[in-house]
Number of protein chains: 2
Amino acid sequence: MLDSARDLVCQLGPRAVTVDQIAAAAGVGKQTIYRWWPSKSSVIMDALIELTDPDPADLPDSTYEAVRLQMRRVAGMFASRNGELIRELVADSQGDPALAKDFRDRFFAHRRARGAASLEKGIATGELRADLDVEDALDVLYGPLWLQLLVGHRPLSQAAADRVLDLVWPGLKNSKSRLAPKKTT
Amino acid sequence: MLDSARDLVCQLGPRAVTVDQIAAAAGVGKQTIYRWWPSKSSVIMDALIELTDPDPADLPDSTYEAVRLQMRRVAGMFASRNGELIRELVADSQGDPALAKDFRDRFFAHRRARGAASLEKGIATGELRADLDVEDALDVLYGPLWLQLLVGHRPLSQAAADRVLDLVWPGLKNSKSRLAPKKTT
DNA sequence: GTTGTCCGAGACTTTGGGTCTCGGATTCGG
DNA sequence: CCGAATCCGAGACCCAAAGTCTCGGACAAC
């Protein structure tokens, strides 16, 4: 049933798909959908989570490289069909506090925690400033990508993510550290 | 007529107000509204622009202070009733490309140009890195504020804007400059 | 005074999310 | 093995609000 939702959303986009279509495709009554989800947007969110959750795993040891890879993955996701889903969900979240909370708790927080883990590791190894505020740093790193996703004033690319990181890095890194980040392309 | 729209939107919020209400309050037929604007969202955008455009003027000479003041103003605006308008417009822009373009061209670009001017001035005076990419820098400075506005994972405050600037500043400033930014609170 | 244009008023259409109802199938109790 | 209660697909229905169409009165032009 979620499968049908996922397929349709991928095929038509989240805006174009209707609840009736999902119900029909799943061979299920509309009422049954509303038995499990409170709104269409919730269904889409579950589809998004199922579509994007398989991720973590192997990160480089270098904090710089790890963060860079994570940012690139996010930029790639934003630029893909999933970015469209995210845009739609953020849009619907304005003016639906329950959905907004759900989005933050079930999608946003998970990914943010992964980013936070990398930064905390970097603090522990001394690659990042000891007094770094992780929350602030995450906003600074990923805020630009979200801005590009939601306002669309510039194309979203992995190169853009790299530029953001390089621009911000001097404010994050432990200036006493001798290890300059080696830039591998 | 725009006055009525502005008043109603301020009073009830952009989501709750209907075109019929605006028409009634302006003592005008609905058709007449659609003679000038293509959609309800467009009306709201004009109201927003009228509500927020009076701004520029006196900035401190110090680039750091100037940018800080501009960021604080944006944070203040985001936290006010106008922030609600902006959220709504960004939401409606997803899935309405014409509105999205209008939003970028008539609201976003203007404010961005002011920020760019400050940065360019800073480059010219040597306070900022000569090779700074202004577009990238603007995304990095304001992206976090937009993220907080649209996702709502953290409270939006002027203090948050200050923290963003301080975190990012080392990557923007001309490291050869002797003038450390003096932090006035 | 007649004709034409403009526009307030409000009825109407449309669209899609969400609810209600029916009837058949499946399951449980005796 | 049979009656009763539950579940659920199907689809009719409701509702709100954006956007369109139509009427009729007011004013202007000639």
Side-chain angles (χ1 to χ4, degrees), chain A residues 1-49 84-103 106, chain B residues 1-49 84-103 106:
Chain A
M1 163 138 76
L2 242 183
D3 293 346
S4 306
R6 183 169 27 75
D7 292 348
L8 277 174
V9 160
C10 283
Q11 190 178 335
L12 305 174
R15 204 77 165 193
V17 90
T18 68
V19 178
D20 300 71
Q21 285 176 317
I22 295 174
V28 102
K30 223 196 322 187
Q31 187 59 258
T32 307
I33 289 179
Y34 284 103
R35 197 186 308 280
W36 268 277
W37 289 278
S39 69
K40 175 193 167 185
S41 301
S42 288
V43 180
I44 293 180
M45 201 175 73
D46 277 27
L48 171 69
I49 287 174
E84 207 179 326
L85 283 185
I86 295 167
R87 290 172 48 178
E88 177 69 17
L89 285 170
V90 172
D92 290 352
S93 291
Q94 320 301 326
D96 181 345
L99 180 67
K101 177 165 175 24
D102 225 35
F103 178 77
R106 300 210 297 132
Chain B
M1 165 136 76
L2 241 183
D3 293 346
S4 306
R6 183 169 26 77
D7 293 348
L8 276 174
V9 160
C10 283
Q11 191 179 335
L12 306 174
R15 203 79 168 192
V17 91
T18 68
V19 177
D20 299 73
Q21 285 176 315
I22 295 174
V28 103
K30 220 190 333 182
Q31 186 59 258
T32 307
I33 289 180
Y34 283 104
R35 197 186 309 280
W36 268 276
W37 288 279
S39 69
K40 175 193 167 185
S41 301
S42 289
V43 181
I44 293 181
M45 203 177 71
D46 276 27
L48 171 69
I49 286 174
E84 208 179 325
L85 282 185
I86 295 167
R87 290 170 50 178
E88 178 69 17
L89 285 170
V90 172
D92 290 351
S93 290
Q94 318 302 327
D96 180 346
L99 180 67
K101 177 165 176 20
D102 225 35
F103 179 77
R106 301 210 298 132

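Here is how names work: the chains are called A, B, and so on, in the same order as the sequence lines, proteins then strands, and each is numbered from 1. This structure is a prediction, so every number in the text was calculated from the model and none was measured.
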task = With heavy atoms under 4.0 Å as the rule, sort B:V17 into base, sugar-phosphate or nothing.
result =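 Sugar-phosphate only.
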
Tell me the interatomic distance from [X], atom [atom1], to [N], atom [atom2], rounded to whole angstroms.
| X | N | atom1 | atom2 | value |
| --- | --- | --- | --- | --- |
| A:I22 | C:dG18 | CD1 | P | 11 Å |
| A:K40 | C:dT15 | NZ | P | 15 Å |
| A:W36 | D:dC7 | CH2 | P | 10 Å |
| A:Q21 | C:dT15 | CD | P | 13 Å |
| A:D20 | C:dG17 | CG | P | 7 Å |
| A:R15 | C:dG16 | CZ | P | 11 Å |
| A:D92 | C:dG17 | CG | C1' | 11 Å |
| B:R35 | D:dC21 | CZ | P | 13 Å |

Are any of the side-chain heavy atoms of [X] and [Y] separated by less than 4.5 Å?
| X | Y | value |
| --- | --- | --- |
| A:R6 | A:D3 | yes |
| A:Q21 | A:L12 | yes |
| B:D96 | B:F103 | no |
| B:R106 | B:I49 | yes |

query = Does A:T32 have a side-chain nitrogen or oxygen under 4.0 Å from the phosphate oxygens OP1 or OP2 of D:dC8?
reply =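 For D:dC8, neither OP1 nor OP2 has a side-chain N or O of A:T32 closer than 4.0 Å.
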
inquiry  = Any side-chain N or O of A:T18 below 4.0 angstrom from OP1/OP2 of C:dG16?
reply    =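 No, no such contact exists.
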
task = Tell me which nucleotide among D:dT20, D:dG9, C:dG17 gets nearest to the side chain of B:Y34.
result =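 Looking only at heavy atoms from C-beta outward on B:Y34, the closest nucleotide is D:dT20.
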
message = Both B:G27 and B:K30 contact DNA chain C. Which one's nearest nucleotide lies toward the 5' end?
response =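 Its nearest nucleotide being more 5', the pick is B:G27.
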
